[in-house]
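Before any comments, here is the structure.
Chain naming here is simple, since letters A, B, ... match the order of the sequence lines and numbering starts at 1 in each. No experiment lies behind these values; they were computed from the predicted model shown.
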Amino acid sequence: MSSFIIETPKEFSFHQCLHFLNRSPNELLHLTQGEQVQKIIRVHDKTILFSIETDLQNQLVVSVLNQRTTATLQQAICSYVTDWFDLKTDLKPFYAFASNDPILKSLVKKYAGYRIVGMPDLFEALSWAIIGQQINLSFAYRLKQQFVQSFGEKFSWKERTYYHFPAAELVAGLNPASLLALQFSRQKAEYVIATAKAFASGVISKEQLSLLSFPEAKERLIKLKGIGNWTANYVLMKTFHYPNAFPLEDAGLHQAIRRQLNLSAKPTLQQIEQLFKKYKGWEAYATLYLWRSLSE
DNA sequence: CGCCAGGTTAGAG
DNA sequence: CTCTAACATGGC
């Protein structure tokens with residue numbers, strides 16, 4: 001086993017991100033163990049298992065557990081991790097104005113260093129968003145767990161089992177019935193399979209979408225059946241890291257705003273649009289910190 | 001039992 | 001264009 005370091009910005013807290021990674025006991029796509037996380041990814045068709053923890057300088061220490069490390073492999077893992085924890089975003093400007101915002105002020109202080117834990121895999125992000133539509137999170141995690149367990153590739157290492165997210169090519173060939181058996185609704189089953197087909201046939205890809213502008217990419221996503229404004233913005237935030245993407249229709253966001261402003265009812269979409277005018281350019285992070293406030 | 005959950009679609013008005 | 005029913009099932 002060999003380790004290497006990934007430098008992080010000052011405004012980064014691995015501990016805060018771990019809180020997110022620990023959200024559900026049903027998560028199979030990574031494993032947490034104390035202040036450490038383990039995950040498998042594919043690099044050049046090989047499965048790489050690595051762990052991440054922090055050192056005293058707040059840098060990330062990455063250990064590759066199942067391979068001899070090469071410079072190329074380190075490079076690949078480094079880009080993955082940088083993407084995963086959104087390390088390229090400079091949060092200083094966000095913190096500068098958030099510290100003066102009545103709602104965000106206390107949140108950015110309490111959760112300083114918390115970053116968007118992204119989903120580099122677009123098919124995974126879309127599928128997960130579809131799975132999570134209109135149901136509570138714990139049920140959503142259970143649906144994902146069954147989906148990953150049933151159709152994701154397994155990797156075992158030292159008595160532990162790790163999973164890849166199911167491949168679009170495989171999901172594209174499934175019948176809705178096989179997802180209904182996992183408690184998907186007919187609608188969700190159809191949406192996920194249709195999305196998989198779009199990937200498998202090359203109608204959509206992360207590479208292609210990354211060439212488009214924010215509004216163009218959103219428009220393109222919404223053309224897919226089952227992808228509405230909420231889902232499109234969700235993946236633009238989690239996969240493409242657009243700082244101005246945020247899921248306006250999100251029930252959790254509504255709840256968070258309601259609590260923070262002490263409203264007697266959920267805010268209307270107009271009220272939220274009005275509120276978010278103040279957060280222009282930082283809507284994704286404003287949303288992230290509001291979401292975080294829900295787990296108090 | 002009722003209401004809400006990290007929504008979206010198709011169809012009506 | 002806006003409004004609404006239907007979707008399906010769990011959490012509380």
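- Whole-Å rounding puts the A/K223 NZ to B/dT8 C1' distance at 18 Å.
- Taking atom NE2 on A/H254 and atom C1' on B/dC4, their separation rounds to 13 Å, with Å as the unit.
- Across all strands, A/L182 comes closer than 4.0 Å to no nucleic acid atom at all (heavy-atom distances).
- A/E190 has its CD atom 15 Å from the C1' atom of B/dG7, to the nearest Å.
- Every residue meeting the salt bridge (Lys or Arg N to Asp or Glu O under 4.0 Å) condition with A/D83, not counting sequence neighbours, appears here in chain and number order: A/K206.
- Checked against the 6.0 Å centroid criterion, the rings of A/F246 and A/F276 qualify as a close aromatic pair.
- Rounded to an integer number of Å, the gap from A/Q146 CD to C/dA8 P is 17 Å.
- Classified by interplanar angle (parallel below 30°, tilted 30° to 60°, perpendicular above 60°), the ring pair A/F97/A/F94 is perpendicular.
- For the P atoms, the distance linking B/dG11 with C/dA8 amounts to 16 Å, nearest Å.
- Side-chain nitrogen and oxygen atoms of A/Q187 include none within less than 4.0 Å of the OP1 or OP2 phosphate oxygen of B/dT9.
- Contact of A/Q183 with C/dG10 (side chain to base): no donor-acceptor pair of N or O atoms is detected under 3.5 Å.
- Counting non-hydrogen atoms under 4.0 angstrom, A/K238 reaches nothing in the nucleic acid.
- Considering only side-chain N and O atoms, A/R142 lies under 4.0 angstrom from the phosphate OP1 or OP2 of C/dG11.
- Side-chain atoms of A/D101 and A/Y279 form a donor-acceptor pair, as typed in the model, at a separation below 3.5 Å.
- Within 4.0 Å (heavy atoms only), A/E249 reaches sugar-phosphate atoms of the nucleic acid but no base atom.
- Each of A/A232 and A/K266 was matched to the nucleotide of DNA chain B holding its nearest heavy atom; the match closer to the 5' end belongs to A/K266.
- Look at CD1 on A/I222: it is 11 Å from C1' on B/dT8, rounded to the nearest Å.
- For B/dT8, one of the phosphate oxygens OP1 or OP2 lies less than 4.0 angstrom from a side-chain nitrogen or oxygen of A/T231.
- Atoms CZ (A/F139) and P (B/dG7) sit 14 Å apart, rounded to a whole Å.
- Checked by atom type and distance alone, the side chain of A/Y163 never pairs as donor or acceptor with a backbone atom of A/I40 at under 3.5 Å.
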*Test salt bridge (Lys or Arg N to Asp or Glu O under 4.0 Å) applied to A/K277 and A/E283, step by step*: CA-CA 9 Å; A/K277 278 183 188 166; A/E283 290 91 337; over 6 Å; no
Dump the pairs, protein N or O against N or O of nucleotides 10-12 of chain B, anything under 3.5 Å, distances to one decimal.
from, atom 1, to, atom 2, distance (Å)
B/dA10, OP1, A/K225, NZ, 3.1

*Going through the checks in order, is the salt bridge (Lys or Arg N to Asp or Glu O under 4.0 Å) test met by A/E296 and A/R259?*
CA-CA 11 Å; A/E296 279 305 291; A/R259 281 201 215 171; over 6 Å; no
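- As judged by a 4.0 angstrom heavy-atom cut-off over every strand, A/Q134 is placed among the base-contacting residues.
- The residue A/I130 sits apart from the nucleic acid: no heavy atom pair falls under 4.0 Å.
- Spacing between atom CG of A/L137 and atom P of C/dG10 amounts to 16 Å, rounded to whole angstrom units.
- You'll find the ring centres of A/Y114 and A/F12 outside the 6.0 Å limit.
- Atom CZ of A/R186 is separated from atom C1' of B/dT8 by 17 Å (rounded to the nearest Å).
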